[in-house]
Amino acid sequence: MNEIIMAFQGEMVLKGLNRNTFESTLMKTLRRRLEHVGDFKVYKAQSTIYIEPKDEFADVETAFEKVNRIFGFAALCRAAVCEKDFDAICETAEEYMGQQLRGCRTFKVEARRADKHFPMKSPEISKELGAFLLRKHPHLRVNVKNPDTIVYVEIRDFGAYVHGPKQPGAGGLPVSTSGRALTMLSGGIDSPVAAWMMAKRGLSLHHIHFASPPYTSERAKLKVQSLGQLLADYTGGCNLYVVPYTKPQEYIRDNAPDVLFTVLMRRSMMRIARKIAEAISCEGIVTGESLAQVASQTLKALMCTDLAQDLPVLRPLIGMDKTEIVEIARKIGTFETSIMPYEDCCTIFTPPHPKTRPTMEEILAAEEKMPELAQLEQQAADEVEVIRLRVGELPPLAAEI
Ligand code: ATP
Ligand code: MG
């Protein structure tokens, strides 16, 4: 029996003239993500994308998991393919769906005949195949309105396909069809979720992380690298830029009012992110900020942060509760890594009572008293370390989870 994957496009079918660009990007992404899984034939016909293993080493189960993480697909299913011959269809349906049917009490068959040369019409196929399966599984009853499962048969151009109910795909738009942005990736729960959400809207992403050794450890960096690696299944391969941030951070600590420390530091990070973004043609910055979650995420503080540089700052979590964010983190598989107990540079030197309503006047006055900050930021940007995150590689801390 030949098993394949069928994937169905989502929102992009609504794109008028641009649709071709979206489709070809999706196909390219699909081919690239499957390279590490095995040898697959990938092609499109009648708005469906077919993914067929070319040999016995191409693992359909793993491929299905990978395709399920590619943005742009509304739904997908695994299916058995056979000749367009009714007897072959019956045998295939029994072989492929028999075990599942044994665990059900009710079922129905839904047939669709796209190839009108096939001699039987759809209702006839449904009826006859239903009768065949009932003979094989006498405990079953047909229930048209609310069956336990549905056996689908599709007679298409290149063969007959038998499958169970489709499952929802990753949704969204193919990565890179909306441009490119830089995610500010901490080791926390929020920023990986923010990255996932923006990749879902078609952004191609690179990540930037600020490390402050010796206050932050090598393992904290590996944790962020692990998160980026986990995200690569969704974002595709990308770079993680690790900025050595100790000197600017100490300089702010030593030269600015305590209560403004966090906002000043976040502005400084934004300026450095802006420099890196420009060098790698990113048109926006993504953060995991959520309104009022902490002192640096009040409206006033966010305004001060935004005014540090001129790229749009995308904050997909802005209106979400922590519980909602955690739910997504679990779903996408980053949660367990995010809760590993390593320090982040944002949480060192933080004052006990940061100002929740900073004003631009006091921020600018404080920055004027730090004449060497711009140069320290430039040095940090110049010394950035680039780590390549490839699809299919294991996260460095995988063994510890
Ligand atoms: P997270 O759970 O993602 O760490 P958080 O709730 O802890 O977020 P903050 O520490 O205030 O919030 O950080 C807010 C956002 O700033 C993060 O979501 C992330 O986008 C960015 N950020 C924080 N620390 C760093 C860092 N060390 N490097 C890069 N970006 C960071
Ligand atoms: Mg954090």
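Applying the salt bridge (Lys or Arg N to Asp or Glu O under 4.0 Å) rule to pairs touching residues 178-191 yields D190-K322, sequence neighbours excluded.
Annotation: the span from L302 atom CG to L307 atom CG amounts to 11.0 Å, rounded to 0.5 Å. Rounding to the nearest 0.5 Å gives a distance of 13.5 Å between NZ of K44 and CD1 of I51. Put simply, CE on M184 and CZ on F210 are 5.0 Å apart, with the number rounded to the nearest 0.5 Å. Expressed to the nearest 0.5 Å, how far OG1 of T262 lies from CD1 of I252 amounts to 10.0 Å. Atom CG of residue N143 and atom CZ of residue R141 lie 11.5 Å apart, to the nearest 0.5 angstrom. Separating the OG1 atom in T183 from the CG atom in L227 is a distance of 11.5 Å, to the nearest 0.5 Å.
Inter-residue side-chain proximity for I272 and V384 is flagged as unmet; no heavy-atom pair is nearer than 4.5 Å. The closest side-chain heavy-atom distance from L264 to E367 is below 4.5 Å. Between Q225 and H207 the shortest side-chain heavy-atom distance does not fall below 4.5 Å. When side chains are defined from C-beta on, Q167 counts as touching N68, because their heavy atoms get closer than 4.5 Å. Under the 4.5 Å side-chain criterion, counting only non-hydrogen atoms from C-beta, S217 is in contact with E343. Contact check for T287 versus S191: no side-chain heavy atoms found under the 4.5 Å cut-off. Looking at R219 and L397, their side chains come closer than 4.5 Å, going by heavy atoms from C-beta outward. A 4.5 Å side-chain heavy-atom check between M265 and R253 finds every atom pair outside the cut-off.
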Next item on the list: Could you check D115 against K84 for salt bridge (charged side-chain N to carboxylate O under 4.0 Å, His left out), going step by step and ending with a plain yes or no?
Entry: CA-CA 10 Å; D115 172 9; K84 289 189 272 187; 2.7 Å; yes
Checklist line | Derivation of the side-chain contact (heavy atoms from CB on, under 4.5 Å) call for I208 and I285 | finding: CA-CA 10 Å; I208 186 169; I285 296 173; over 6 Å; no
Next item on the list: For the pair Y251 and S268, evaluate side chain to side chain donor-acceptor pair (under 3.5 Å) and give the outcome as yes or no after the intermediate values.
Entry: CA-CA 11 Å; Y251 184 74; S268 158; over 6 Å; no
Notebook entry, point to check: Run the side-chain contact (heavy atoms from CB on, under 4.5 Å) check on T235 and V175 step by step: do they pass?
Noted result: CA-CA 7 Å; T235 59; V175 159; 5.5 Å; no
Next item on the list: Would you check, one step at a time, whether the test salt bridge (charged side-chain N to carboxylate O under 4.0 Å, His left out) holds for D306 with R315?
Entry: CA-CA 11 Å; D306 276 352; R315 300 182 170 98; 2.9 Å; yes
Next item on the list: Show your reasoning for whether side-chain contact (heavy atoms from CB on, under 4.5 Å) applies to Y96 and E3.
Entry: CA-CA 9 Å; Y96 194 56; E3 191 181 29; 2.5 Å; yes
Next item on the list: Would you please test R112 and I155 for side-chain contact (heavy atoms from CB on, under 4.5 Å) and show each step?
Entry: CA-CA 6 Å; R112 212 170 60 105; I155 316 288; over 6 Å; no
Next item on the list: Run the numbers on S212 and Q249 for side chain to side chain donor-acceptor pair (under 3.5 Å), then give the verdict.
Entry: CA-CA 8 Å; S212 289; Q249 196 171 10; 2.4 Å; yes
Next item on the list: Start with the C-alpha gap between R113 and E154, add the side-chain angles, then the distance that decides, and say whether salt bridge (charged side-chain N to carboxylate O under 4.0 Å, His left out) holds.
Entry: CA-CA 6 Å; R113 185 184 61 144; E154 304 192 46; over 6 Å; no
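Checking side-chain atoms of T298 against main-chain N and O of A301 turns up a donor-acceptor pair under 3.5 Å. A donor-acceptor contact shorter than 3.5 Å links the side chain of H206 to the backbone of N239. Between the side chain of T177 and the backbone N or O of F22, no donor-acceptor pair lies under 3.5 Å. Here the side chain of D87 pairs no donor or acceptor atom with the backbone of C90 at under 3.5 angstrom. Formation of a donor-acceptor pair under 3.5 Å by the E94 side chain with backbone atoms of E91 is not found in this model. Side chain of Q229 to main chain of R390: a donor-acceptor pair is present (N/O by atom type, distance under 3.5 Å, no hydrogens or angles). Checking side-chain atoms of D85 against main-chain N and O of A88 turns up a donor-acceptor pair under 3.5 Å.
Using a 4.0 Å cut-off between a side-chain N of Lys or Arg and a carboxylate O of Asp or Glu, R32 and E35 do not qualify as a salt bridge. E23 has a carboxylate O that lies under 4.0 Å from a charged side-chain N of R19, or vice versa, which qualifies the two as a salt bridge. Between K108 and E110 a salt bridge is recorded (basic side-chain N to carboxylate O distance below 4.0 Å). Salt-bridge annotation for R266 and E289: present, with a side-chain N of the basic residue lying under 4.0 Å from a carboxylate O of the acidic one.
Residue E377 is tested with K247, R267, R274, R271 for a salt bridge (charged side-chain N to carboxylate O under 4.0 Å, His left out); the sole match is R271.
Taking the six-membered ring for Trp and the full ring otherwise, the centers of Y152 and Y161 sit at least 6.0 Å from each other. In this structure, the ring of F349 has its center less than 6.0 angstrom from the ring center of Y215.
For the pair G98 and H137, the tightest heavy-atom approach, listed with the atom from each and the gap, is O-CE1, 3.5 Å. The nearest pair of heavy atoms linking V67 to A7 is CG1-CB, 4.4 Å. When every heavy atom of D344 is checked against every heavy atom of S186, the shortest pair comes out as OD1-CB, 3.9 Å. Across every non-hydrogen atom of C77 and P165, the tightest pair is CB-O, 4.5 Å. The heavy-atom pair separating V391 from D233 by the smallest distance is CG1-OD1, 4.2 Å. Between T92 and A80 the shortest heavy-atom distance is CG2-CB, 3.6 Å.
For E83, the CD atom is loosely surrounded, since the number of other residues' heavy atoms within 6.0 Å does not exceed 12. Remark: R31 CZ is packed, more than 12 non-hydrogen atoms of other residues, nucleotides or ligands lying under 6.0 Å away. Counting heavy-atom neighbours within 6.0 Å of E124 CD, excluding the residue itself, gives a total above 12. Other residues, nucleotides and ligands contribute over 12 non-hydrogen atoms within 6.0 Å of the NE2 atom of H139. Within a 6.0 Å sphere centred on CD of E278, heavy atoms belonging to other residues, nucleotides or ligands number 12 at most. For R357, the CZ atom sits in a loose shell: 12 or fewer heavy atoms of surrounding residues, nucleotides or ligands are nearer than 6.0 Å. In this structure, Q375 places its CD atom where only 12 or fewer heavy-atom neighbours from other residues, nucleotides or ligands lie under 6.0 Å away.
Cation-pi geometry between K66 and F64 is not met at under 6.0 angstrom from the ring centre and within 45 degrees of the axis. In this structure, K200 forms no cation-pi arrangement with Y234, as its terminal cationic atom is not both closer than 6.0 Å to the ring centre and no more than 45° off the ring axis. For the pair R330 and F335, the cation-pi criterion (under 6.0 Å, within 45° of the ring axis) is fulfilled.
For the residue pair E393 / H36, no side-chain donor-acceptor distance below 3.5 Å is found, with atom types taken as modelled.
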